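Notes for the one structure printed next.
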Amino acid sequence: MNRVSSTFHNHFLTRSPNIILSTCLRRISTLSVTNLIQNHIHNGNITDARQLFDQNPQSCNTLTWNSMITAYIKHNQMQSAHNLFDEMPVRDVVSWNTMMSGSNKAKDPHKLHQLFLQMKRAGVTPNHFTFSTAISGFVNTFEILVPQLHVLVLHLGLHSNVFVGSALMRGYTRLQDRKGLLRVFDDVVLKDISTWNALVVGYMELGLTVEAQIIFDKMPDVNIISWTTLVNGYIENKKISQARSIFDNMPQKNVVTWTAMIKGYAKCDKYNDAIQLFISMLKSGTRPNHFTLSTVLDACAGCSTFLFGNQLHSCILKSGFHSEVVLLTSLVDMYTKCGDIEAALRVFESMEKKNVVSWNSVIGGCARHGLATRALCEFERMIESGVKPDNVTYINLLSACVHGGLVEEGERHFSLMEGRYGIKAEMKHYSCMVDLYGKSGEIEKAERLVKEMPFEPDVGVWGALITACGLHSCYELADGLENLARDYPTIYAMLVKLNGEKGEWSRAVEMRNKMMEAGARQQTAGSRTEFPLV
DNA sequence: GTAGGGTTAG
């Protein structure tokens, strides 16, 4: 109000009464319109705010435009934010920063990159907000640009800012650049807990658990996030017992800490430990969230504990998490892996939102249960619903074709995969195709595909081919694969079988002896190798 | 009116 009164006073001294009056009214109306818009935004009435905004273009300054854009972003209306940004008469550094932060929220690093370049071209100088937003958004996609942005940061003297510092530290961590990480850490003069945590994360991600622990022990302050970071770091480095020891000695735990530790067990296939820990969590009085529940469902799927998974389903229905896509997808996956495809399909049908992972789970589930035609139908439905397939979709789809012996369908999808969707065939796609040809007796096609593959075949591809030789008694081809047996000793087992069938007893015995020498019998007896036995 | 740490699925 002081600024307003002083402005009035100056006008009284220099202007005629009419001009003074109209200026005063305009100022009052500008102030009140801006305030009203801000009020609407504050109360979440974004439509009313926009209406007022449109009705009073002359009253809206850059600050009001920025507020409107911020409100749209907050309400996940990125397109409206964008339209308004495009119409802005004057864009300041806040306008650009806001749009960049919106792109981060929408997980659109390409848009962020574009905005950053446009901002530079528009001659607007970036500030510490710009860099912390841009660098965070570039990690994972444009991390290669991090050192260049760091140079700009140093040039503009923004390197001691804590936000810029932790963003840069994540960038250098991603680039596996230990020196860069430490240099940025040292440059942040007033380090806070986040700065220290970022160094612990960095060392952990570089596999330097000892160094990470030393830093943790040196930290002037630690919070629950620091502790969880440490536990998670040990888990990522496969040091589960160290993780558990930290976990047990933490001064306090919350749902995030519990979930991280449960996930740690699930990750190293200790599913029962994961479930036991979940039960301890419940006993401790910590309520699970949707992150916890999908982790535990994953553990149930891993050890096929249908009963426990089924109980979790009831919990989910009561929990209020019934619209979480990830959680429901875990549920679908749990049911397919626990053998109840009908329940999986029911859950899937009930899902309001489905993403590519949800579709992949149901297609993979059908494939696993031998419902090849159903898998193909679900794939068609997926395309119709506008969800784009990815590499996993095709692995599941092709394996459905293998189960159903659908050679032509498989061939068609294999060629459409790259032709229509630009998905390059990976090893697993080739191994499905070799398996598909091999199981249906088209050994020549299988062999040709192995030769034409753009990379060296792996155990899965060879396994598929060798199984085919065994199934269809292709002695010639199999005999030619003997040189591979040193790497994949189970080939001997197949050679024993084929030579036996052919009556080549001395060679069968030779192969059997070689197999015993190579320890193939021991290797295959109790292992989880994917290499199929003939 | 703008910025950063820990947990979820195929």
Side-chain angles (χ1 to χ4, degrees), chain A residues 34 37-38 41 61-71 73-74 92-102 104 126-137 139 158 161-171 173 188 192-202 204 222-233 235-236 253-264 266 288-298 301 321 324-334 336-337 355-365 367-368 390-393 395-396:
Chain A
T34 312
I37 291 175
Q38 298 287 1
I41 290 174
N61 52 16
T62 308
L63 190 146
T64 321
W65 282 82
N66 289 341
S67 305
M68 258 330 291
I69 292 175
T70 305
I73 291 172
K74 205 173 159 192
D92 64 7
V93 63
V94 180
S95 328
W96 289 98
N97 292 346
T98 308
M99 285 305 293
M100 283 190 230
S101 144
N104 270 357
N127 62 13
H128 39 286
F129 285 89
T130 321
F131 284 107
S132 71
T133 308
I135 296 165
S136 315
V139 173
L158 301 170
N161 179 280
V162 276
F163 292 93
V164 177
S166 34
L168 278 170
M169 287 171 73
R170 281 172 195 279
T173 298
V188 180
D192 63 8
I193 294 194
S194 287
T195 320
W196 285 92
N197 284 348
L199 191 59
V200 174
V201 169
M204 282 296 191
V222 289
N223 58 13
I224 195 160
I225 297 173
S226 325
W227 284 102
T228 313
T229 300
L230 196 67
V231 169
N232 221 21
I235 290 170
E236 290 298 322
K253 301 175 183 64
N254 64 11
V255 60
V256 182
T257 330
W258 282 100
T259 308
M261 195 64 230
I262 294 169
K263 174 73 192 168
N289 61 17
H290 59 289
F291 290 88
T292 325
L293 293 171
S294 49
T295 305
V296 182
L297 280 171
D298 192 33
F321 298 127
E324 293 289 339
V325 184
V326 176
L327 179 55
L328 295 182
T329 303
S330 310
L331 195 56
V332 170
D333 190 54
M334 182 278 294
T336 70
K337 287 181 180 160
N355 64 19
V356 61
V357 184
S358 332
W359 285 102
N360 290 350
S361 299
V362 85
I363 294 169
R368 206 174 302 124
D390 67 5
N391 54 338
V392 180
T393 317
I395 293 170
N396 293 349

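Predicted model, so just to flag it, every value in this text is computed and none were measured. Order of the sequence lines sets the chain letters (A, B, ...), proteins ahead of strands, with each chain counted from 1.
Between the side chains of A/S95 and A/D92, a donor-acceptor pair is found at a separation under 3.5 Å.
Atom-to-atom distance recorded for A/L63:CG and A/Q38:CD is 6.0 Å, nearest 0.5 angstrom. For the atom pair OG of A/S166 and CG of A/N197, the computed distance is 9.5 Å after rounding to the nearest 0.5 Å.
Counting to the nearest Å, the P atom of B/dG6 and the CG atom of A/N232 are 9 Å from each other. Between A/I395 atom CD1 and B/dA9 atom C1' the separation is 16 Å, expressed in whole Å. The CZ-P distance, from A/F321 to B/dA9, rounds to 16 Å in whole Å. Put simply, CZ on A/R170 is 8 Å from C1' on B/dG4, counting in whole angstrom units. Rounded to an integer number of Å, the gap from A/I235 CD1 to B/dT7 C1' is 10 Å. Between the CH2 atom of A/W196 and the P atom of B/dG6 there is a distance of 19 Å, given to the nearest Å. What separates CD1 of A/I225 from P of B/dG4 is a distance of 13 Å, to the nearest Å. We find that CH2 of A/W96 is positioned 18 Å from P of B/dT2, with the value rounded to whole Å.
Residue A/S136 has its side chain nearest to B/dG4 when only B/dG4, B/dA9, B/dT7 are considered. Distances from the side chain of A/F129 to the nucleotides B/dG6, B/dA3, B/dG4 place B/dA3 closest. For A/D333, counting side-chain heavy atoms from C-beta on, the closest listed nucleotide (B/dT8, B/dA9, B/dT7) is B/dA9. Residue A/V162 places its side chain closer to B/dG4 than to any other of B/dT7, B/dT2, B/dG4. Here the nucleotide nearest the side chain of A/A260, chosen from B/dT7, B/dA9, B/dA3, is B/dT7. Proximity note for A/D298 (side chain, C-beta onward) versus B/dG4, B/dA9, B/dT8: the nearest is B/dA9. Distance from the side chain of A/V326 is smallest to B/dT8 among B/dT8, B/dT2, B/dG6. Checked against B/dG5, B/dG6, B/dT7, the side chain of A/T229 finds its nearest nucleotide in B/dG6. Taking only side-chain atoms of A/T133, from C-beta outward, the nucleotide of B/dT2, B/dA9, B/dA3 with the closest atom is B/dA3. Which of B/dT2, B/dA9, B/dA3 sits closest to the side chain of A/V357 comes down to B/dA9.
A/N104 contributes no side-chain N or O that forms a donor-acceptor pair with the base of B/dA3 under 3.5 Å. Residue A/S132 places a side-chain atom within donor-acceptor reach of the base of B/dA3, judged by atom type and a 3.5 Å distance cut-off alone. In terms of polar N and O atoms assigned as donor or acceptor, the side chain of A/N197 never comes within less than 3.5 Å of the base of B/dG6 in a complementary pairing. In the interface, the side chain of A/N223 is not paired with the base of B/dG6 through any donor and acceptor atom under 3.5 Å apart.
Residues satisfying the ring pair (Phe, Tyr, Trp, His ring centres under 6.0 Å) criterion with A/F321, sequence neighbours excluded, are A/H290. By the side-chain contact (heavy atoms from CB on, under 4.5 Å) test, A/N391 pairs with A/I423, A/E426, A/H429, sequence neighbours left out.
Counting non-hydrogen atoms under 4.0 angstrom, A/V392 reaches a base of the nucleic acid. Nucleic acid contact class of A/S294 (heavy atoms, under 4.0 Å, all strands): base. At the heavy-atom level, A/T64 lies nowhere under 4.0 Å from the strands shown. Looking at heavy-atom distances under 4.0 Å, A/N396 makes no contact with the nucleic acid at all. At the heavy-atom level, A/I224 lies under 4.0 Å from base atoms of the strands shown. Residue A/N289 is classed as a base contact, given a heavy-atom separation below 4.0 Å to a base. Residue contacts shown for A/T292 are absent, as no nucleic acid heavy atom lies under 4.0 Å away.
The side chain of A/S101 places an N or O atom within less than 4.0 Å of a non-bridging phosphate oxygen (OP1 or OP2) of B/dA3. Look at A/K263 and you won't find any side-chain N or O under 4.0 angstrom from OP1 or OP2 of B/dG6. Distances shorter than 4.0 Å separate none of the side-chain N or O atoms of A/N127 from OP1 or OP2 on B/dT2.
Residues A/T295 and A/D298 are not in side-chain contact: their nearest non-hydrogen atoms beyond the backbone lie 4.5 Å or more apart.
Between the A/N104 side chain and the A/T133 main chain, a donor and an acceptor come within less than 3.5 Å of each other.
Base orientation of B/dG6: anti (glycosidic angle beyond 90° from 0).
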